[in-house]
Structure formats: C-alpha cells, structure tokens
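Quick caveat, the model's predicted, so the values are computed rather than measured.
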Amino acid sequence: MEIFYTDFKLRRIKMLPKGGTPKTWLLLLLVSSVCVIQESKASSFCTKADQCALDEEIKTAADSVQARYDHTRIYQVELASEEHVRLFQALEQASDSCSFMGHARQPGQKLTIMVTGAKVADFDDLVHSYNVTHRVLNYNFQALIDANYLEVAPEDTKPEEFDWKRYHPLESINAWLKKLAETHPEVLLVELGVSAQGRPILGVQIAFDNENRTTVFVESGIHAREWIAPATATYIIDQLVNSKDSAVQALARSQRWYIFPTVNPDGYQYTFKGDRMWRKNRALFGICRGVDLNRNFPFHWNVTGASGDPCRYDYSGPSAASEVETQRMIEFIRHRVESERIRTFISLHSYSQMIMFPYGHSAERVDNYHDLTDIGKLAANKIKDVSGRIYKSGSIYETIYPSSGGSKDWAHGQLKIPITFSYELRGPADSEDLFILSAKEIEPTAAEAFASIQTIVQEAGKRGYYQ
C-alpha cells in the first residue's frame, strides 16, 4: 500500500498540534495513516525485513486501485543557463508533483517533465517567470494510457495465440515461454529465481547443439513501464527459434542464447494492475516502494545518477545488490560467464532510440572503446537501413546521462564481458508518448532491434571476440 502526498508546499498546512513542525507532523500523519489502515492486519509500520505481511484481501484490494493521470501534462523544457539548471534541480528535489525523465545537469539540455493536473498552473507560472523555453508534448496523459490498455491481450490468451500486435501481461509471457520449451528441443525454460513478491523470473536458453559456443545474454524489462522491451525480447526469441531465414538460422546456431523478457516481474505486473508508469521493483521501504534495479548493481554503486531516497524513481537501494532480483541475475551470470563463455550482454530499455555501451558512471573509456564505438555505429546504421529510424550510438555517459549501478556497467566492468550494449528502443528522445508506445509499433521496433543485434554479433565475431 502506498500513500502519496502531492502538495510539496508544506507551509500550506495551517493547523498543527502545538510544538510540531510541518514536516514532523506530516510524517506522523502519513505513518499514522498507514498504521490505522493496517492496525488489525499487520505490524504498525512496514519495514524492509518483514515486507509488511498483509493479508491477501488487503493485497487484492490494493492491487485493484489504479493510478490516474487525468489532465497530467508532459512538458519539454530547454535549460538555457546555469540558473535554469539550478532551478530545475531544486524543483525535482522539492516536488513529487513533477516527474522528471532524467536530471537537470547542464545548460543546453532538453528535459522532459510530467506535471500533475493540480500543478500545471504553478509549473506554467514557473517557466514563464524564469523565461524557460518550453512546449507541451501532451495535454492529458491518461488518454494515452487508456488507449494503451486497450491494446493488451487477455490474461488467458493461449500460447498458440501469442503475437506481437498486442502487449501481453506477465502470465501470458510465462505461459508462452513454457509452451515454447515443451515444443522445441533446442529451448530450455530457465528460472533465475523468484522476485521480492515471490514471482518466478523466467527466461529461456536456446542452444541447437552441445558445442562449447560463446553465449549471448539478453536482459529485458528491468524497468517495469517499458513494455516494448519484453515485447522485443519475446520477438527475438521467436525469430531465433522459428525463423525460416537462413541468415537468422545461422545466427541462432552460432551462439548459445539466454533471454529473460521480464527480470522485474513484480514491477511489470504492477504496471497492468496499479500504475502504468511504475519503474522500480516492488520491495517495501517504510511508506514507499521500490528499488530501481538498474541502479542496484555492485559496480560504482550510487555514485551518480541515482537517489538514496526510497520515494524517488531512481532509488538505488539500501546497499549494492540489496535486491533479490539483482542478486539472482548476478549469481546466474557470474556462475556461467567462464564455463559458458558469455561474451555478449544486451540490455533492452525504452525510450530515446539509442544504442549505448559502458560506462555510465564516468567519462572513463573502456579498453575496447573504439571497437564498441564502431560496432554501435554499424548497428545504428543497420536500423536506418531497415526502417529509416535514427538511433544514436555512444557510451552511456556521453550519449544519454550519467548513471551508476547499471547492469551493463557491472557486466563489462566487473565480469569483463567485452561486447556490452544497452538499447533505448522507440520512440525518439522528444517523444510525446514517453513509454506508452502504441502496439502498432511493436513489430517494427522489435524487427529493427533484432536486425541490429545480428550486426553486433556478426561484427564482434569478425573482430575476434568469440574465439
């Protein structure tokens, strides 16, 4: 259960008990609200250790409530000066009515911000008062979400009816993976472990023979709201297993493949049942939930582009590798990186149309920087040839924004997996839809991504990385 306080101007609380500060009494109000609601059902306050063992009826009731974004607007602002940078840094820290897609860092930067309907007037006043160039990308975000939910296949969709014209909930994806393993001898169902809320983290191994081939590991869905990522991962699985194209068949047989469509199953499930824009896992920390799993890996953890606040969207966790989902992935890859020769690591995200390689925590260049630069450009050019879409390529730090504790930095920096790329799939960086990509975009997005992954694997092979 979550409680959100949407008015960051604490001074508006007029009546306070004697001797209390607004912040103190707001915290007490929130805590007491949680305790009153749960008094007869669970402990008086939720902790990470007990995960608030609520009764099933409370969980069911909570899951039935959906977040709404009626009259929420999406703005794009241009930071023209250091003053603008400081202004929006302060706004992000002060307001939970404004959701930032990235952080204010430097003059010249364009920043996308989601503003709740109740704060649109305040935000409009702010950008005009400080002469901030801006435009409205979307005037009512809920309309986009409503349309997106209409593109979801029913939970009881049969595996034989699985497709890439609709988005599929977790149950359907897992059922399809299981059926694929039952009907194709080259496919093995693999379970990484279970999530914070007890859901299995399922994927597949694809291997057409017992040769000691090198391995490609594909991680997807670590950020729950990025639905196009699991859809693309399942498309890649289908192509590797079922394609009649001789080039694709050769690619499939040239490597061993591990592909996990939804490594954050709790968060992904919650985007269908609770909040379409949810990003993190669903671990509980006091009055807030969730760790950004892509800030939780133990490589330069929490040094930049991450938060220590559990209520923030990029909360890195109480410690490096604190989350069970992170731990299971680390154990799985570390155990196989040498024995199964994992030489390629691919991470699927959205949005912004980018193909990036480490590092994210600093401008330090990896040892094979020039090879990864060349391979990334070739992969981006392949997408342009296939669909006409423009993808930008480069290191994470140089291309999108500084971040630390990411899976790809850990895979490359700690495990020395040489060919490591992270995708930001459709739409473009200035997308009016953010993460709410229409289902009609699934097949073209997945097809161009798969074509570029073919290029990455082929080019890495030419350069001797799979010897």
Check: So which heavy atom on Ala181 is nearest to which on Leu188, and how close?
Finding: CB-C, 4.4 Å
Next item on the list: Please check if any side-chain donor atom of Glu340 sits under 3.5 Å from a side-chain acceptor atom of Thr215, or the reverse.
Entry: no
Margin query: I'd like to know if the side chain of Tyr351 pairs up with that of Glu424 as donor and acceptor (distance under 3.5 Å, no hydrogens or angles considered).
Written below: no
Note to self: Below 30° counts as parallel, above 60° as perpendicular, anything between as tilted: where do the rings of Phe357 and Tyr369 land?
What the structure shows: perpendicular
Next item on the list: Can you spot which of Leu425, Asn148, Thr445 makes a side chain to side chain contact (heavy atoms under 4.5 Å, CB included) with Leu437?
Entry: Thr445
Check: In terms of side-chain heavy atoms, does Asn131 have a donor or acceptor partner in His84 at a distance below 3.5 Å?
Finding: no
Margin query: Does either side chain, that of Arg334 or that of Gln414, offer a donor lying less than 3.5 Å from an acceptor on the other one?
Written below: yes
Checklist line | Side-chain touch Arg426/Ser350, heavy atoms, less than 4.5 angstrom | finding: no
Next item on the list: Please lay out, stage by stage, how Arg343 and Ile419 fare under the test side chain to side chain contact (heavy atoms under 4.5 Å, CB included).
Entry: CA-CA 6 Å; Arg343 298 293 179 265; Ile419 305 301; 5.7 Å; no
Note to self: How long is the straight-line distance from CH2 of Trp278 back to OH of Tyr313, given to the nearest 0.5 Å?
What the structure shows: 13.5 Å
Checklist line | Side chains of Asn242 and His184 in contact at under 4.5 Å (non-hydrogen atoms) | finding: yes
Check: Hey, does the Lys NZ or Arg CZ of Arg253 hover above the aromatic six-ring of Phe208, less than 6.0 Å from the centre and inside 45° of the axis?
Finding: yes
Next item on the list: Can you label the angle between the Phe217 ring and the Phe332 ring as parallel, tilted or perpendicular, going by 30° and 60°?
Entry: tilted
Margin query: Let's go through Asp275 and Arg289 carefully: what are the C-alpha distance in whole Å and the side-chain angles of both, what is the deciding distance for salt bridge (Lys or Arg N to Asp or Glu O under 4.0 Å) to 0.1 Å, and is it a yes or a no?
Written below: CA-CA 12 Å; Asp275 185 351; Arg289 278 194 187 270; over 6 Å; no
Next item on the list: Answer with yes or no after comparing the ring centroid distance for His412 and Phe299 against a 6.0 Å cut-off, counting only values under it.
Entry: no
Item checked: Heavy-atom pair with the smallest gap, counting every atom of Asn140 and His71 -> OD1-N, 2.8 Å
Item checked: Check: Tyr466/Thr344 side-chain N/O donor and acceptor closer than 3.5 Å -> yes
Item checked: Residues in side chain to side chain donor-acceptor pair (under 3.5 Å) contact with Asp70, at least two apart in sequence or another chain -> Arg68
Item checked: Approximate separation, where rounding is to 0.5 Å, of Gln255 CD and Arg213 CZ -> 8.5 Å
Checklist line | Under 3.5 Å side-chain donor-acceptor pair for Glu441 and Ser438 | finding: no
Margin query: To the closest 0.5 Å, what do you measure between OG (Ser407) and CD1 (Ile222)?
Written below: 5.0 Å
Item checked: Ile375 and Ile456, any side-chain heavy atoms less than 4.5 Å apart -> yes
Item checked: Other residues, nucleotides, ligands: >12 heavy atoms within 6.0 Å of Asp245 CG -> yes
Checklist line | Residue pair Asp238 / Phe162, side-chain heavy-atom distance below 4.5 Å | finding: no
Check: Can you tell me how far CD of Glu448 sits from NZ of Lys382, rounded to the nearest 0.5 angstrom?
Finding: 12.0 Å
Notebook entry, point to check: Between Arg282 and Tyr270, is NZ or CZ placed under 6.0 angstrom from the six-membered ring centre and within 45° of the ring axis?
Noted result: yes
Check: With ring centroids as reference points, do His103 and Tyr401 lie under 6.0 angstrom apart?
Finding: no
Checklist line | Distance-only polar pair, side chains of Glu325 and Ser195, donor-acceptor under 3.5 Å | finding: no
Notebook entry, point to check: Is the NZ or CZ atom of Arg389 positioned over Tyr391's six-membered ring, under 6.0 angstrom from the centre and within 45° of the axis?
Noted result: no
Notebook entry, point to check: Is there a side chain to side chain contact (heavy atoms under 4.5 Å, CB included) between Ile113 and Phe100 once you walk through the steps?
Noted result: CA-CA 5 Å; Ile113 305 171; Phe100 284 60; 3.7 Å; yes
Next item on the list: For residues Phe272 and Trp227, establish whether the separation of their ring centroids is below 6.0 Å.
Entry: yes
Notebook entry, point to check: Would you call the rings of Tyr235 and Trp164 parallel, tilted or perpendicular, where under 30° means parallel and over 60° means perpendicular?
Noted result: perpendicular
Check: Just wondering, more than 12 heavy atoms not from Tyr130 lying within 6.0 Å of its OH?
Finding: no
Note to self: Show, in sequence, the C-alpha distance, side-chain angles and deciding distance for Glu331 and Arg328, and conclude whether the salt bridge (Lys or Arg N to Asp or Glu O under 4.0 Å) test is met.
What the structure shows: CA-CA 5 Å; Glu331 291 168 4; Arg328 296 293 84 80; 2.8 Å; yes
Check: If you round to the nearest 0.5 Å, how far is OG of Ser307 from CD of Gln93?
Finding: 7.0 Å
Item checked: Close side-chain approach of Leu251 and Trp257, heavy atoms under 4.5 Å -> yes
Next item on the list: Drop me the distance from Leu111's CG to Arg105's CZ, to the nearest 0.5 angstrom.
Entry: 8.5 Å
Check: So do Arg225 and Arg276 actually touch side chain to side chain, heavy atoms under 4.5 Å?
Finding: yes
Note to self: Could you check whether any side-chain heavy atom of Met277 comes within less than 4.5 Å of a side-chain heavy atom of Ile436, counting everything from C-beta outward?
What the structure shows: yes
Next item on the list: Check whether the side chains of Glu323 and Asn296 place a donor and an acceptor atom closer than 3.5 Å, and report yes or no.
Entry: no
Item checked: Close side-chain approach of His168 to Asp163, heavy-atom, < 4.5 Å -> yes
Notebook entry, point to check: Is the shortest side-chain N to carboxylate O distance from Asp374 to Arg463 below 4.0 Å?
Noted result: yes
Check: What pair of heavy atoms forms the shortest contact from Pro230 to Ser220, and how long is it?
Finding: N-OG, 3.2 Å
